[in-house]
Amino acid sequence: MPYTDGFKAQLVKRMVGPGAVSAAALARQVGVSQPTLSQWLREANKLAAMTPPPEEKPAPPSGPKKWTPEEKLRVLVAAQGLAGEALGVLLRREGLHEEKLKEWQQALAGAATEALPAKERRRLAAAEKRVKELERELRRKEKALAETAALLVLEKKLQATGWDERHLDDEDDAADERREK
């Protein structure tokens, strides 16, 4: 009984690759004898060995993805308010590094600033300058507070050992009396 080439190819395909079925099991399923199926498989293997492999063109080197402004904006909106692990999940899903996201955020902020009228830009610049001054003053005061706290701790330790100002004043008075005599 002659079988078409398509039918043979279909059965051979079921006997090879992942999830392959044995020739005996396939013979029971389709009603073709097991020796016939095995012969078709051997012939297919011979043909595959004689056929040169198709020339595979190497994939062009994939450089960084070209992001459209719409895609960038979509990712920026999605990243808004995310931090830690949630931000990491988004960045991995998009195939993006955090540095690139920060670069886009800065570019967006710069573009928003450029869109402001000159008066608003001056007001914003003055506010930024004031913030920097306040941050500098805050750092100075934090240092002074830390120094004061350290002095208080030191004073408490001296008092705990009996060395307080009255003790020092008493010693000074005693030294003055000895000099007077």
Can I get a per-line list of side-chain donor-acceptor pairs under 3.5 Å for residues 138-154, giving both atom names and the distance, sequence neighbours left out?
| unit_1 | atom_1 | unit_2 | atom_2 | d |
| --- | --- | --- | --- | --- |
| Lys141 | NZ | Glu137 | OE2 | 3.0 |
| Thr148 | OG1 | Ala144 | O | 2.9 |

I'd like a table of donor-acceptor pairs (distance under 3.5 Å, sequence neighbours excluded) in which one partner is a side-chain atom from residues 14-22, with atom names and distances.
| unit_1 | atom_1 | unit_2 | atom_2 | d |
| --- | --- | --- | --- | --- |
| Arg14 | NH2 | Gln29 | OE1 | 2.6 |
| Ser22 | OG | Ala25 | N | 3.1 |

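If you chain together hydrophobic residues whose side chains sit under 4.5 Å apart, Leu96 and Leu73 never meet in one group.
Residue pairs meeting the ring pair (Phe, Tyr, Trp, His ring centres under 6.0 Å) criterion with at least one member in residues 20-42, sequence neighbours excluded: Tyr3-Trp40. Applying the ring pair (Phe, Tyr, Trp, His ring centres under 6.0 Å) test to pairs two or more places apart or on separate chains, those with a residue in residues 82-106 are Trp67-Trp104.
In this structure, the side chains of Leu41 and Asn45 come closer than 4.5 Å at one or more pairs of heavy atoms. Side chains of Glu71 and Val75 form no contact here, defined as non-hydrogen atoms less than 4.5 Å apart. In this structure, the side chains of Leu87 and Leu101 come closer than 4.5 Å at one or more pairs of heavy atoms.
Minimum heavy-atom separation, Ala27 to Gln34: CB-N, 3.6 Å. The nearest pair of heavy atoms linking Ala44 to Val12 is CB-CG1, 3.7 Å.
Applying the salt bridge (charged side-chain N to carboxylate O under 4.0 Å, His left out) rule to Arg42 yields no partners; only residues at least two apart in sequence or on another chain are considered. Partners of Arg74 according to the salt bridge (charged side-chain N to carboxylate O under 4.0 Å, His left out) rule, which considers only residues two or more places apart in sequence or in another chain, are Glu94.
To the nearest 0.5 Å, the span separating NZ on Lys129 from CG on Leu124 amounts to 14.0 Å. Between the NZ atom of Lys72 and the OG1 atom of Thr68 there is a distance of 8.5 Å, given to the nearest 0.5 Å. Here the CG-NZ distance, from Leu91 to Lys100, works out to 13.0 Å after rounding to the nearest 0.5 Å.
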Check your understanding: Run the side chain to side chain contact (heavy atoms under 4.5 Å, CB included) check on Gln10 and Lys13 step by step: do they pass?
Key -> CA-CA 5 Å; Gln10 190 177 29; Lys13 194 174 189 180; 5.7 Å; no
